[in-house]
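For ligands, and for the atoms within them, numbers begin at 1 and follow the listed sequence. Sequence positions, counted from 1, serve as the residue numbers for this chain.
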Amino acid sequence: MSSLRPFISAEEIALQNRNLADKITDFYRDRVSQEHPLVLLVILKGSVMFFSDLVRLLEIPVRVEFISISSYGHDMESSGQVRFELDVRDSITSKHVLIVEDIIDTGRSLDAVLRQLRARGPASLEIATLLSKPDRRVVNVPVRFIGFTIPDKFVVGYGMDYAEMYRELDYIGVLTLEK
Ligand code: IMP
Ligand code: MG
């Protein structure tokens with residue numbers, strides 16, 4: 001048995017996306033151009049809804065890349081070892097790169113991703129995450145853009161899943177598993 005409780009509404013998400021998009025646009029306005037667009041590096045699958053709403057609000061030239069990582073761990077926790085199941089098509093060397101992530105929990109997955117991407121020599125590498133659970137952080141990752149800072153709860157919806165379920169919700173809910 002499990003219970004799902006509404007946590008962040010579709011309206012609150014939309015408002016915060018607007019704020020984030022304005023901050024991202026301000027930050028990159030003088031750094032990128034048509035010739036040197038910002039590379040949005042979207043981490044599949046959880047970030048897809050966040051990305052698709054955010055990208056439409058940005059007022060700077062962008063290119064889009066999707067990556068997929070598999071982490072070895074339990075259903076509700078990651079291990080910190082990641083493997084790129086899908087990698088970028090074009091090189092990110094000398095490009096301004098913004099990673100788009102759904103949620104940062106322990107920080108292990110992103111830390112591993114950051115280390116691999118840094119080695120490729122991007123012009124800059126920043127992170128935008130919709131959600132952050134700082135109480136759960138094990139590895140410190142430098143996050144420039146955060147939508148919502150939340151307590152230690154397991155959330156689903158708006159792209160995020162539990163065992164591949166609930167991604168389709170237009171809001172974010174807290175999932176509690178009962179035995
Ligand atoms: P981390 O490596 O512990 O930071 O885990 C990050 C990844 O674990 C996220 O990108 C999600 O895919 C997943 N994750 C962590 N917390 C949650 C949650 O509350 N709901 C759904 N997925 C989560
Ligand atoms: Mg994720």
Please confirm whether Gly107 comes within less than 3.5 Å of ligand 1 when only nitrogen or oxygen atoms on both sides are compared.
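Between Gly107 and ligand 1 (N or O atoms, distance only) the closest approach is under 3.5 Å.
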
Cation-pi check, Arg31 onto Phe27 ring (under 6.0 Å, within 45° of axis):
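Arg31 over Phe27 ring: yes.
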
With Arg120 as the cation and Phe84 as the aromatic partner, state whether NZ or CZ is under 6.0 Å from the six-membered ring centre and within 45° of the axis.
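Flagged: Arg120 positioned over aromatic ring of Phe84.
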
Nearest-0.5 Å distance, CG of residue Asp22 to CG of residue Leu58:
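Nearest 0.5 Å value for the CG-CG distance: 9.0 Å.
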
Would you mind listing which atoms of ligand 1 come within a distance below 4.0 Å of any non-hydrogen atom of [X]?
X	answer
Glu101	10 (O)
Lys133	16 (N), 17 (C), 18 (C), 19 (O)
Ser109	1 (P), 2 (O), 5 (O), 6 (C)

Between Ser132, Ser47, Ser109, which is the residue that forms a side chain to side chain donor-acceptor pair (under 3.5 Å) with Glu101?
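It is Ser47, the one option of Ser132, Ser47, Ser109 that forms the side chain to side chain donor-acceptor pair (under 3.5 Å) with Glu101.
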
Could you establish whether [X] and ligand 1 come within less than 4.0 Å of each other, counting only heavy atoms on the residue side?
X	result
Val155	yes
Asp161	yes
Lys153	yes
Leu110	no

Can a salt bridge be assigned to the pair Arg63 and Asp90 using a cut-off of 4.0 Å between side-chain N and carboxylate O?
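Counted as a salt bridge, because a side-chain N and a carboxylate O are separated by less than 4.0 Å.
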
Is there a path of hydrophobic side-chain contacts, each under 4.5 Å between heavy atoms, that joins Val48 and Ile172?
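Val48 and Ile172: one cluster.
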
Kindly state each residue pair satisfying salt bridge (charged side-chain N to carboxylate O under 4.0 Å, His left out) with at least one member in residues 46-57, sequence neighbours excluded.
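Found Asp53-Arg56.
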
May I ask which of Ile103, Leu175, Ile150 has a heavy atom nearer to atom 11 (C) of ligand 1 than the others do?
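Heavy atom nearest to atom 11 (C) of ligand 1 belongs to Ile103.
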
